[in-house]
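To start, the structure itself, in structure tokens.
Chain identifiers are assigned alphabetically (A, B, ...) following the order of the sequence lines, protein sequences preceding nucleic acid strands; residue numbering begins at 1 within each chain. Quick note: numbers below take in every heavy atom, side chains included, and nothing from hydrogens, waters or symmetry partners.
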There are 2 protein chains.
Amino acid sequence: MSRILSHLGALRCVEAAARHQSYTRAAGELSVSQAAVSQQIRQVEDLLGVKLFLRRGRNMVPTAKGKELAAQLGAGFQAIVDGVNRIQTEPLAGTLNITTTQSMATMLLMPNLWKFHQRHPEIPLRVTVSAELEDLRHSDIDIAIRFGFLEPSELHQKILFEDARVPLCSPQLLEHVDLSSPENLRDCWLVDADYRTGYGWRAWLERAGLDIPDDEIKWLQVSNMDVALSVVMSGHGIFLGSPTLSKQSVRAGTLVQPFPQHIEGGTRYNLLYDGASPRVERIRAFESWLLELVRET
Amino acid sequence: MSRILSHLGALRCVEAAARHQSYTRAAGELSVSQAAVSQQIRQVEDLLGVKLFLRRGRNMVPTAKGKELAAQLGAGFQAIVDGVNRIQTEPLAGTLNITTTQSMATMLLMPNLWKFHQRHPEIPLRVTVSAELEDLRHSDIDIAIRFGFLEPSELHQKILFEDARVPLCSPQLLEHVDLSSPENLRDCWLVDADYRTGYGWRAWLERAGLDIPDDEIKWLQVSNMDVALSVVMSGHGIFLGSPTLSKQSVRAGTLVQPFPQHIEGGTRYNLLYDGASPRVERIRAFESWLLELVRET
DNA sequence: TTCTGCTCATAAGTCCTTCTTATAGTTCAC
DNA sequence: GTGAACTATAAGAAGGACTTATGAGCAGAA
């Protein structure tokens with residue numbers, strides 16, 4: 001049997017490094033130092049007598065052989081993890097790791113977590129807010145709640161909700177700007193998180209029967225919904241957001257919907273998880289709770 | 001990512017132990033102590049909270065989950081080894097490990113190895129004689145040369161030669177027994193390695209037109225060709241062997257074929273190796289040399 | 001260019017895991 | 001019952017892997 005199997009740890013480094021094209025990021029995933037990864041990979045290269053990575057500026061690019069090996073290693077490790085997952089079903093009770101966006105966390109998740117706790121006190125939740133979609137298969141995250149249209153993957157994907165978008169601002173804004181008529185939108189920042197798709201405020205204004213020329217509008221274009229929300233929360237503008245997401249905030253008075261007009265679509269939130277995870281039981285518990293929550297909102 | 005991947009070494013123990021149904025044999029394969037295997041497996045069981053093996057007398061029998069896991073692990077490790085093999089082709093030069101039977105080694109292989117060395121001085125051979133067919137995929141053996149009819153497997157199998165069988169004895173025997181006529185076979189031990197199939201001396205006697213009753217024959221039944229050969233070599237009997245294998249010994253005078261009659265078939269030698277081995281180059285070199293040798297013999 | 005920031009490489013020493021040894025416990029065959 | 005073969009467990013030894021610290025290379029900005 002190949003003596004390489006005495007160096008499985010080193011092969012893990014190879015696989016992760018090839019995937020990340022970076023020793024540093026691989027080290028991050030494996031929770032070891034960069035130096036450790038470097039040493040392990042060199043060991044494999046020496047053992048096999050094959051160069052696996054080439055330094056290309058800031059990246060470590062796998063060679064052709066490196067790529068081939070890494071792909072096969074990935075399949076191998078996946079088979080192993082699958083094998084373990086198949087026989088090991090963790091009990092319902094236990095921690096659940098969730099990652100989501102800032103806006104989802106502050107507007108829907110956090111304010112309702114106590115209800116989940118009430119139903120499942122045996123499942124402590126750990127919520128991580130991050131802008132990037134974590135790699136569920138290579139991290140310790142169990143569930144991701146993400147905005148937008150996702151590529152199909154091997155993960156279990158479920159559309160949480162799709163809905164319209166309505167103008168939303170903070171009550172403070174109304175103290176400074178008179179928003180009794182849509183015409184007055186000229187007077188405040190229109191926060192636009194859709195500057196790449198172009199869909200957004202332009203569509204809404206049209207819907208409201210307004211034709212304000214571009215140069216009379218104060219645009220504030222931001223990269224995503226989270227930034228938009230934080231801008232608006234601090235009272236500096238108005239943005240188009242999901243009614244589902246904002247409903248509770250509106251009811252609580254922290255957000256205001258100054259006009260009834262809405263535009264269709266444009267908002268979609270998804271729930272993602274690995275159906276083969278040993279923690280599916282608690283994942284499903286969370287999923288069904290969240291779906292209920294969304295349905296009744 | 002599953003924390004189990006930090007214990008890949010322990011999972012190797014699980015896989016090997018399940019395959020061998022024994023911690024001791026698994027330890028042998030992995031070249032560690034039995035205690036090490038025991039500890040590693042217990043660690044996995046504790047980590048997963050799943051019992052993987054049950055003690056059943058002298059064996060460690062994998063539980064249903066243990067079996068399932070081990071199968072998946074086997075596939076995973078195989079994928080990893082395949083990946084390594086695919087990118088790592090060892091050069092022609094280097095040691096080649098061969099296992100074969102006693103008779104094949106003494107009669108054909110050893111007397112001719114110098115020729116192989118002449119053609120490929122860069123390939124040192126290490127020949128291991130053993131009665132059992134080693135597990136090529138889980139040992140460090142590159143080539144096995146084996147007698148008989150083999151089950152199909154994932155290994156590359158090639159029939160080395162099939163041939164007839166002729167009576168063979170040592171010249172010493174002729175000094176004590178007069179074998180000018182087949183009738184006189186009554187006077188010496190008939191060594192029979194075919195007592196399970198029944199085919200052998202009985203068939204040969206028939207072929208020679210003799211009808212000697214069983215109780216007038218001195219049978220010596222042995223378990224395999226190797227034992228038969230060693231008995232005959234020491235001058236204590238006569239047996240039915242392959243002309244191909246014995247040709248050189250006959251020419252050298254260490255074996256004698258006292259009668260011309262032969263029986264068809266019954267002898268088959270195979271050559272086995274893992275086609276995916278990184279050492280295929282030197283394996284093929286040996287294969288083609290051996291085939292040539294057999295052809296001209 | 002030079003500077004700054006990011007990345008990998010390397011060395012030395014520490015630490016921790018794994019392994020070995022030794023022994024006790026269990027089962028089976030005779 | 002006794003011995004042989006196997007596994008379990010404990011304690012200590014050995015060795016590999018990891019960390020820290022530092023140097024070197026490269027890219028992009030000033």
> For Q40(A) and R25(B), take the nucleotide of DNA chain D holding the closest heavy atom to each; which residue's nucleotide lies nearer the 5' end?
Replying inline: R25(B)
> How long is the line joining CZ of F53(A) and C1' of dT7(C), in whole Å?
Replying inline: 14 Å
> Does L92(A) offer a backbone N or O that forms a donor-acceptor pair with the side chain of R282(A) under 3.5 Å?
Replying inline: yes
> Just how far, in rounded Å, is C1' of dT7(C) from NE2 of H20(A)?
Replying inline: 15 Å
> dT26(C) P sits how many Å from L54(B) CG, rounded?
Replying inline: 17 Å
> Toward the 5' end of DNA chain C, which comes first, A35(A) or R55(B), by nearest nucleotide?
Replying inline: A35(A)
> Taking any atom under 4.0 angstrom from a heavy atom of chain B, which nucleotides of DNA chain D are the first and last to qualify, 5' to 3'?
Replying inline: dA4(D) to dA11(D)
> Tell me, do R202(B) and D214(B) make a side-chain contact under 4.5 Å, heavy atoms counted?
Replying inline: yes
>> Just the rounded figure in Å: distance from P of dT10(C) to CD of Q43(A).
In response: 14 Å
> Is it the case that more than 12 heavy atoms not belonging to E122(B) sit under 6.0 Å from its CD atom?
Replying inline: yes
>> Quick check: any donor-acceptor pair below 3.5 Å linking the side-chain of Q39(B) to the base of dT20(C)?
In response: yes
>> Just the rounded figure in Å: distance from P of dT23(C) to CD of Q34(B).
In response: 15 Å
>> Using OP1 and OP2 only, check whether a side-chain N or O of S38(A) sits under 4.0 Å from dT10(C).
In response: no
> Would a distance-only check, ignoring hydrogens and angles, find a side-chain to backbone donor-acceptor pair under 3.5 Å from Q40(B) to R12(B)?
Replying inline: no
>> Base, sugar-phosphate or nothing for Q21(B)? Non-hydrogen atoms, less than 4.0 Å.
In response: nothing
>> Check for me whether the distance between the ring centres of Y273(A) and F286(A) falls short of 6.0 Å.
In response: no
> To the nearest Å, how far apart are I41(B) CD1 and dC19(C) P?
Replying inline: 12 Å
> Hey, are the side chains of L69(A) and R86(B) touching, using non-hydrogen atoms and a 4.5 Å cut-off?
Replying inline: no
> So which of N85(A), I283(A), T89(A) actually passes side-chain contact (heavy atoms from CB on, under 4.5 Å) with P278(A)?
Replying inline: N85(A)
